[in-house]
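Input: a single structure, listed below in structure tokens.
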Amino acid sequence: MNTPLTQRPAWAALKQHYEEIRDLHLRDQFAADPQRGERLTAEAVGLYLDYSKNRITDETLPLLIKLAEESGLREHIEAMFRGDRINVSENRSVLHIALRKPRGESLIVDGVDVVQEVNEVLDRMASFADRVRSGQWRGYTGKAIKNVVNVGIGGSDLGPVMAYEALRHYTRRDMTFRFVSNVDSTDFAEATHDLDPEETLFIISSKTFTTLETMTNARTARDWALAGLGDEAAIAKHFVAVSTNAEAVSEFGIDTDNMFGFWEWVGGRYSMDSAIGLSTMLAIGPENFRELLAGFHAMDEHFRTAPFEQNLPVIMALLSVWYGNFFGAQTVAVLPYEQYLKRFPAYLQQLTMESNGKHVTLDGQAVDYETCAVYWGEPGTNGQHSFYQLIHQGTKLIPVDLIGFGKTLNPIRDHHDVLMSNVFAQAEALALGKTEEEVVAEGTAPGRGPAPRLRGQPPVECDPGREDHPVHPGHPGRPVRAQRVHPGGRLGDRLLRPVGSRARQGARQADHSRTGVRG
């Protein structure tokens, strides 16, 4: 177990394997194996993963799994679920999985059933949310709360913002939700400029209640509220806290009965399932919030129990190792074809880069391999009109996560068919592309007319002479994680990290009957 990663037998085998297949083109792989797009897939808890568009052969994933086994991945997974102190730098457990365990289950850590504690906080949150949503909780002047402003930063902001946007379809439309994180005064000014202090509730989210940016904004919020309400006693009716520092919360003027705590074993980037998600619960309601947690728990159990060859998070993680360390990919583009997920790439930036952005091992030794890519992205189809040309034709190798939903929550005319056609067309173009000879033969070479269209792709405006055709002369295929996500019965299915893999997109036809997307 202590053998350095790059000196393990599986690493050497992967290096040799990479040299053997590095120049294989996905076109040739699909031509030789027409069923590849059906075989290299996995599915669990309402999520469908198509990883057939990766620069891999049938030997690649078993070699990567062997590396995971030599690295003790299964043992590390079990240690986390047991509550072992796997955060060695802070000597703490890592128990975000306990935040979504259902009532009735148990997890004992240091003699304490943390699941019971979690549900006690969830119950307090639910009671508070019901009072606010029903109008029973009223502001200082007797008006009902119509506006909720979450003040936090990092994990106390990114998760709640992402969740609110992702689940906006399920939110109370007669309430306004805003989020303030930046210490730049513009952030606060714009978030509150059209709000009435008599109808506004602030949630101050800071574990220690000392975070510079959060407390600067909190004090500004306090001044703003007092300017409109005029009485210090009003603070207790318009501010609540998500914190563990009761003394500081009380000094601020917040009633500690309205303080919701969480635990040292909750990392900020995972904390949206804890009391940090209070704004989410206020927006979608306690029942839906519980349903969200149930979706997360379902994926937790899949990750804990599924064999690695069918384990969605494990497959994605191993492909990250493959592209980062053998193909030299430095970034990953996350491209959700779902407007509700517009903040998902930003959330993933903290989730992935704060988790994996390290340069030493658990025992403090400097690494000699890549530990994490830079994550970025925008929703499709907007990105197709800005940076996709670099992905298609540039010199960078960029693995891509494409996320699509089998159904839309807002069926209007043929919008969703057009949207999903773009997902499949991008997958095909990125994986297979067209040679210069093919473009010339079609009469669509630069200067000869409109850009070529792939099957299922809607018409694209293109000026004659523009060189933005999906042409990859001699390129083995662009790395894309072709992801397929379809909503299941739980709200959590819409928030689970999209299951996909760094796929060289495109092997599937842009024909909905063959996509594997389940409606």
Side-chain angles (χ1 to χ4, degrees), residues 1-19 54 56 60-98 109-110 154-155 263-271 300 303-304 306-309 311-332 347-376 397 399 401 479 481 497 501-502:
M1 181 64 69
N2 293 325
T3 304
L5 180 67
T6 56
Q7 295 179 28
R8 293 171 191 162
W11 188 275
L14 282 164
K15 286 183 65 176
Q16 180 178 343
H17 176 64
Y18 167 73
E19 293 298 331
N54 283 276
I56 62 175
T60 312
L61 188 58
L63 287 173
L64 288 166
I65 290 174
K66 181 65 175 175
L67 181 65
E69 292 170 344
E70 291 179 0
S71 302
L73 178 57
R74 180 63 69 189
E75 290 81 359
H76 284 294
I77 292 173
E78 291 302 323
M80 181 178 74
F81 277 82
R82 283 195 307 266
D84 293 1
R85 297 176 181 272
I86 62 173
N87 179 343
V88 296
S89 61
E90 296 177 313
N91 192 32
R92 292 176 178 172
S93 299
V94 179
L95 285 177
H96 49 279
I97 52 95
V109 178
D110 296 332
W263 304 268
E264 66 176 12
W265 41 257
V266 180
R269 54 201 177 277
Y270 304 109
S271 63
D300 289 340
F303 173 57
R304 184 177 68 85
F308 288 164
E309 60 270 17
N311 193 307
L312 307 184
V314 169
I315 292 172
M316 294 180 69
L318 292 176
L319 289 169
S320 296
V321 173
W322 178 236
Y323 281 114
N325 285 279
F326 296 92
F327 282 90
Q330 296 294 309
T331 78
V332 172
Y347 172 71
L348 278 186
Q349 287 173 349
Q350 184 192 28
L351 188 67
T352 57
M353 292 193 281
E354 187 172 274
S355 294
N356 299 321
K358 317 295 184 184
H359 72 280
V360 296
T361 62
L362 289 176
D363 57 3
Q365 300 300 310
V367 301
D368 58 354
Y369 50 87
E370 298 295 328
T371 58
C372 187
V374 174
Y375 280 71
W376 59 281
L397 184 71
D401 288 355
R481 273 195 220 208
R497 182 154 196 264
S501 74
R502 268 179 190 123

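Every value quoted in this text rests on a predicted model; they were computed, and no experiment measured them. For this chain, numbers begin at 1 and follow the sequence in order.
When atom types are taken as modelled, the side chain of Tyr270 and the backbone of Leu351 share no donor-acceptor pair closer than 3.5 angstrom. Of the possible polar contacts, one joining the Glu70 side chain to the Ala10 backbone as a donor-acceptor pair under 3.5 Å is found. Looking only at distances, a side-chain donor or acceptor of Asn311 sits under 3.5 Å from a matching main-chain atom of Ala306. Within the 3.5 Å criterion, the main-chain N or O of Gln365 finds a donor-acceptor partner in the side chain of Thr361. Under a 3.5 Å cut-off, the side chain of Arg82 and the backbone N or O of Ile77 do not form any donor-acceptor pair.
His17 and Thr60 share a side-chain donor-acceptor pair at under 3.5 Å.
When side chains are defined from C-beta on, Val374 counts as touching Met353, because their heavy atoms get closer than 4.5 Å.
With sequence neighbours excluded, no residue satisfies side chain to side chain contact (heavy atoms under 4.5 Å, CB included) with Val360. With sequence neighbours excluded, the residues forming a side-chain hydrogen bond (donor to acceptor under 3.5 Å, both in side chains) with Gln16 are Glu20, listed by chain and number. The side chain to side chain contact (heavy atoms under 4.5 Å, CB included) test applied to Glu370 returns Asn325, Gln330, not counting sequence neighbours. Residues that satisfy the side chain to side chain contact (heavy atoms under 4.5 Å, CB included) test with Leu5, not counting sequence neighbours, are Arg8, Trp11, Leu67, Ser71, Tyr369. The side-chain hydrogen bond (donor to acceptor under 3.5 Å, both in side chains) check on His96 picks up nothing, with sequence neighbours excluded. In this structure, Arg92 has no side-chain hydrogen bond (donor to acceptor under 3.5 Å, both in side chains) partners at least two apart in sequence or on a different chain.
For Lys358, the NZ atom is densely surrounded, since the number of other residues' heavy atoms within 6.0 Å is greater than 12.
Residue Arg85 holds its CZ atom at 11.5 Å from CD of Glu90, rounded to the nearest 0.5 Å.
Ring-plane geometry between Phe303 and Phe81 is classed as tilted, the angle between the planes lying from 30 to 60 degrees on a 0 to 90 degree scale. Using cut-offs of 30° and 60° for the angle between ring planes, the Tyr323 and Phe327 rings count as tilted.
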